[in-house]
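Numbers for residues simply follow the sequence, beginning at 1. Order of appearance sets the numbers: ligands from 1, and atoms from 1 within every ligand. In what follows, every heavy atom counts, from backbone to side chain, and hydrogens, waters and symmetry copies are set aside.
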Amino acid sequence: MEYRELGRTGLHVSRLCFGALTMGPLQRGLSPQQGSNVLRRAFELGVNFVDTAELYRTYEHIRLALQDYESDRPIVVTTKSYAYTREGMLRSVEQAKEGLGSNCLLLFMLHEQESSHTLRGHWPALEVLWEAKKAGIVQAVGISTHFVEGVTAASEIPEIDIISPLINRTGIGIQGGNREDMIRAIERAAGLGKGIIAMKPLGGGHLLADWASSLEYLLDKEEIHSIAVGMKTVDEVENNVAFFQGRRDLPAPQVTTRRLHIDDWCIGCGACVRACPNGALELENGKARVVTREKCVFCGYCGASCPEFAIKVI
Ligand code: SF4
Ligand code: SF4
């Protein structure tokens, strides 16, 4: 496994980062024990970097995998919270510490930032993260974003250590610009010393048929230090590790057709429409509906926001 220094954090992380959204309740729904088995296999094969979020509800999966795990190379876990107040972020940091346990190095990001405006709106939460870094509770502070402007804005803040931008070969899901705009923003951020963790390398599954060329596209980019790939089975872990180690004779993963399912009991509250970062949903005749299938990267954020549990990725 190849390891890269994550910007100027001093941390060395595997180029393959274990994306934990896919195995959790928003997607495949593995139990904590099942998920921890998949993660443990990744650790055994040299993956030392895990990407999660408070929203993904996978802390328990990760904590179990970390339990009694011993290695010379520390496991680094990056998580994210939507908190924008001081109190909210204090709760989020506490929840992550308790939920993940102490057998990892913790990185913390603001989830889903769009621009300098949203960053300003989250300043009290950012201050909590910087204090947590000073206290040695978190090792690095950053943001995740689907927006080109999110990367640009975070680059201007010296105290932001890491950025997790949405980037993939076709540019699916990128907001406020195209693939080249995002690459330029990432290059600049990396040049300023930010650690870069690419997310949605396979466009939420849309690019699975071109799995190899999609991963190669990102692996070729020096400015991308690690690539978060969602994994939910031991086979996927072994295939991805082999690919990242240079094997190019592997079969593409099975392409499973995914879609959004909206139940009849949707009350049309619009929470999912507001939660979708990609503008893939709208309200019609008092119900949510998908506007454009191609815009959906199956992140599951709409499902997490629904008070009626009426929308999910299946
Ligand atoms: S529709 Fe739902 S799953 Fe699709 S991109 Fe929007 S929030 Fe994510
Ligand atoms: S959040 Fe749930 S109930 Fe509200 S519009 Fe969306 S699917 Fe319907």
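A donor-acceptor contact under 3.5 angstrom links the side chains of Gln113 and Thr118, judged on distance only. At a cut-off of 3.5 Å, with distance as the only test, a side-chain donor of Asn278 or Gln175 sits close to an acceptor on the other residue. Using modelled atom types and a 3.5 Å distance limit, the side chains of Asn48 and Ser14 yield a donor-acceptor pair. Between the side chains of Thr52 and Thr58, a donor-acceptor pair is found at a separation under 3.5 Å.
Remark: Ile262 CD1 to Cys302 SG distance equals 7.5 Å, nearest 0.5 Å.
Taking the charged nitrogens against the carboxylate oxygens, Arg248 and Glu216 do have a contact shorter than 4.0 Å, which makes a salt bridge.
The count of protein N, O or S atoms under 2.8 Å from atom 4 (Fe) of ligand 1 stands at 1, with waters excluded from the count.
Ring centroid separation for the pair Tyr69 and Phe43 comes in under the 6.0 Å cut-off.
For atom 8 (Fe) of ligand 2, the nearby protein N/O/S atoms, meaning those under 2.8 Å, are Cys266 SG.
Relative orientation of the Trp130 and Trp123 rings is perpendicular, given thresholds of 30° and 60° on the angle between their planes. Note on ring orientation: taking the six-membered ring where Trp is involved, the planes of Tyr82 and His111 are parallel (angle under 30°, cut-offs 30° and 60°).
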